[in-house]
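A short worksheet on the structure shown next.
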Amino acid sequence: MHSKQVRRRRAVVAALVVASLILLTAYFGESASSPLHSVQRGIVAVFSPVEQGASTVLSPFRDVASFFSNTFKAKSQVKQLRTQVASLTAKLARAQYAASQNAQLRAQLHLVDNGLDTFKPIAASVIFRDPNLWYETIQVDKGSGDGVHKGDPVTGDGALVGEVSQVGSNFSVVSLLTDPAMAVAAEVLDSNGDAGVLVPAVGNPDQLVLQDLQPNAPIQVGQQVATVGFRAGPLQDLYPSAIPIGTVASVGNNLANNGEVAVTPDANLRQLSVVQILTSPHSGSLRAQTTAP
Amino acid sequence: MSWETLRLPLRLLLLAFGVVVIQEAAVSQISIFETAADLTPLVVMSVGLLAGSVAGAIMGFTVGLLVDVFLFQTLGVTSLLFITIGYWSGRLRELRDPSHGLVPMALGAAATAFAGLGMTVIQFLLGVDSPVSLLLLQQIFVTVLVNTLIALPVYAAVRRLLQPALPQDPRRRRRRAYATGGLSPLQTRSGGIRPMPRTSR
């Protein structure tokens with residue numbers, strides 16, 4: 001009787017481990033359009049309303065906990081933010097002057113305005129998020145039924161946060177900038193417009209690295225980094241140009257030796273609750289054409 | 001199959017689904033020292049401790065699979081880790097039958113640490129480019145600390161949910177009887193052991 005129980009116990013555990021290994025092996029070698037991925041998308045699509053409901057129901061608890069967490073954090077940030085306000089006030093005055101000049105020049109050249117509104121942004125709430133450092137993804141409550149496509153850029157807190165990597169009928173999975181698979185063409189808004197490829201920093205999930213820069217580029221700490229939005233013949237960047245991404249955090253010897261600078265994202269990628277998906281990212285590509293002679 | 005035999009599996013299924021939804025929809029989004037608590041290994045550990053190794057392993061597989069499916073992760077990774085947690089929590093109960101009140105706390109810490117480090121090792125084996133650093137270890141450490149603090153309430157909640165459906169454990173009933181005294185025929189009122197009375201033929 002006892003040995004029968006032991007045999008049964010071992011058989012159950014062995015069967016579960018083998019099932020896990022088969023799933024792992026099959027899934028890992030498959031493409032995104034394979035049967036297992038399709039089944040996964042189907043299951044999530046079926047349960048998506050439940051997830052959305054749970055997210056809404058649990059939001060008061062989440063908000064209360066976040067309130068206490070943010071209060072402690074806010075106290076430690078007060079001094080740092082005061083210094084930042086003083087510096088940004090001066091920058092704002094210069095930016096407002098530049099913006100008014102830009103508007104006048106655009107009007108003179110009859111250029112189309114290409115603000116983010118041009119790209120048909122839709123707001124989406126974060127319903128699921130993975131706290132794990134290994135998978136930097138979030139799940140939002142808008143999908144193909146709302147006009148979302150795979151590869152659409154996603155913004156949050158006014159800056160680029162990632163792109164849509166999976167789409168279901170009523171949900172989407174967003175890979176954040178810190179996902180190891182992400183790479184974005186970006187430029188530093190300095191006098192030269194030095195451009196490179198922005199990737200996650202190995203060893204620090206809160207930081208990005210702008211690579212492939214000229215070693216003698218005049219880049220300084222605090223300068224803004226934004227998307228390039230290049231176009232070369234039929235090839236076009238996934239992201240529209242001039243979406244803010246972050247600021248240069250440190251330059252050091254890495255620029256001279258490796259052509260790299262560290263960039264801190266503008267958006268707080270770990271605390272996103274609402275994002276905007278640019279559902280028509282290339283609608284602004286006519287921006288360089290004049291509307292009328 | 002009778003309703004009685006289905007009670008425990010149904011409760012376990014409900015618990016697995018509920019904990020995954022609550023974890024990903026709420027708990028994951030509450031930042032504590034730049035990380036978040038993780039209820040899933042705690043629930044798997046609690047089920048193993050309460051219902052035994054087979055139930056623990058099955059619960060671990062189910063919860064792991066649900067986590068992987070809902071978060072679009074590689075299927076099977078989390079299941080593999082959680083099967084181990086559920087199985088060994090159950091084996092601990094079956095072999096040692098620990099009765100100390102703080103056992104769930106210690107086991108919760110061990111389960112969380114195993115899940116965090118195990119995930120790191122599996123990702124390495126799968127060749128995923130990863131943010132491996134001191135920060136990762138720090139995050140695992142903080143998660144272990146937070147989970148240790150919430151392990152007892154989570155265990156109590158799981159026990160409350162499963163208790164009515166759990167089969168009676170004869171060893172527990174026996175231990176309780178000895179602990180309260182008076183039920184053993186070998187004991188006198190003062191607690192000393194006296195010889196068994198011989199019955200005359």
Side-chain angles (χ1 to χ4, degrees), chain A residues 8-9 12-13 16-17 19-28 36-37 39-41 43-44 47 50-52 54-59 61-62 65-66 69-70 73 126-137 139 165-166 173 178 180-181 200-206 270-273, chain B residues 17-18 21-38 52-54 57-58 60-61 64-65 67-84 86-87 90-91 94 116 119-120 122-123 126 128-136 139-140 143:
Chain A
R8 200 187 68 163
R9 189 184 67 223
V12 169
V13 174
L16 292 174
V17 170
S20 299
L21 288 173
I22 289 173
L23 278 174
L24 202 160
T25 313
Y27 190 93
F28 197 67
L36 268 181
H37 284 79
V39 169
Q40 193 177 23
R41 267 196 298 276
I43 292 172
V44 175
F47 285 107
V50 179
E51 294 171 11
Q52 288 171 24
S55 183
T56 310
V57 168
L58 295 169
S59 62
F61 300 102
R62 210 168 48 214
S66 298
S69 165
N70 290 341
K73 199 188 285 180
V126 177
I127 50 174
F128 265 30
R129 82 159 295 141
D130 185 1
N132 205 315
L133 277 182
W134 296 99
Y135 301 97
E136 287 293 337
T137 56
Q139 205 179 108
S165 56
Q166 300 266 359
V173 177
T178 44
V202 174
N204 189 347
D206 297 327
R270 287 174 179 243
Q271 284 192 331
L272 293 169
S273 52
Chain B
F17 188 76
V21 169
I22 290 173
Q23 172 64 39
E24 310 308 342
V27 181
S28 288
Q29 297 178 40
I30 299 168
S31 175
I32 306 164
F33 301 116
E34 298 299 318
T35 184
D38 193 355
S53 56
V54 174
I58 293 173
F61 179 79
L65 197 62
V67 168
D68 288 339
V69 166
F70 283 138
L71 292 176
F72 278 91
Q73 298 176 357
T74 309
L75 297 183
V77 173
T78 315
S79 301
L80 211 54
L81 294 168
F82 283 4
I83 287 171
T84 316
Y87 178 75
R91 286 304 287 155
E94 287 157 5
M119 183 67 87
T120 309
I122 291 183
Q123 295 300 341
L126 293 175
V128 175
D129 270 350
S130 53
V132 181
S133 64
L134 204 64
L135 209 71
L136 181 72
Q139 197 196 30
I140 292 172
T143 311

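Each chain gets a letter, A, B and so on, in the order the sequences are listed, and its residues count up from 1. Fair warning: this is a prediction, and the values are worked out from it, not measured in the lab.
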Inset, instruction - Specify the closest pair of heavy atoms between B:Ser79 and A:Ser20, including all atoms of both residues, with the distance to one decimal. - result: CB-OG, 3.5 Å
Legend entry - Interface residue of largest heavy-atom contact number with chain B, from A:Leu23, A:Val12, A:Ile43, under 4.5 Å: A:Leu23
Legend entry - For chain A, the option from B:Val54, B:Val67, B:Leu80 that forms the most heavy-atom pairs under 4.5 Å: B:Leu80
Legend entry - Interatomic distance, A:Ile22 atom CD1 to B:Leu75 atom CG [nearest 0.5 angstrom]: 13.0 Å
Legend entry - Proximity breakdown for B:Phe70 and chain A, heavy-atom pairs closer than 4.5 Å: both
Inset, instruction - Report the C-alpha separation of B:Phe72 and A:Val44 in whole Å, then their side-chain angles, then the decisive distance to 0.1 Å, and conclude whether the side chain to side chain contact (heavy atoms under 4.5 Å, CB included) test is met. - result: CA-CA 9 Å; B:Phe72 278 91; A:Val44 175; 3.8 Å; yes
Legend entry - Exercise: identify the closest heavy-atom pair between A:Gln40 and B:Gln73: NE2-O, 3.5 Å
Inset, instruction - Search all heavy atoms of B:Val21 against all heavy atoms of A:Ala54 and return the closest pair with its distance. - result: CG1-CB, 3.2 Å
Legend entry - Segment of A:Leu16 engaging chain B (4.5 angstrom heavy-atom cut-off): both
Inset, instruction - Heavy-atom distances under 4.5 Å only: say whether B:Ile83 touches chain A with side chain, backbone, both or neither. - result: side chain
Inset, instruction - Below 4.5 Å from any heavy atom of chain A, which atoms of B:Ile140 appear? Answer side chain, backbone, both or neither. - result: neither
Legend entry - Heavy-atom check, side chain of A:Val50 versus side chain of B:Phe17, under 4.5 Å: yes
Inset, instruction - Return the option, out of A:Arg41, A:His37, A:Arg8, A:Gln52, with the maximum number of heavy-atom pairs under 4.5 Å with chain B. - result: A:Arg41
Inset, instruction - Identify which part of A:Val173 has an atom lying under 4.5 Å from any heavy atom of chain B, answering side chain, backbone, both or neither. - result: side chain
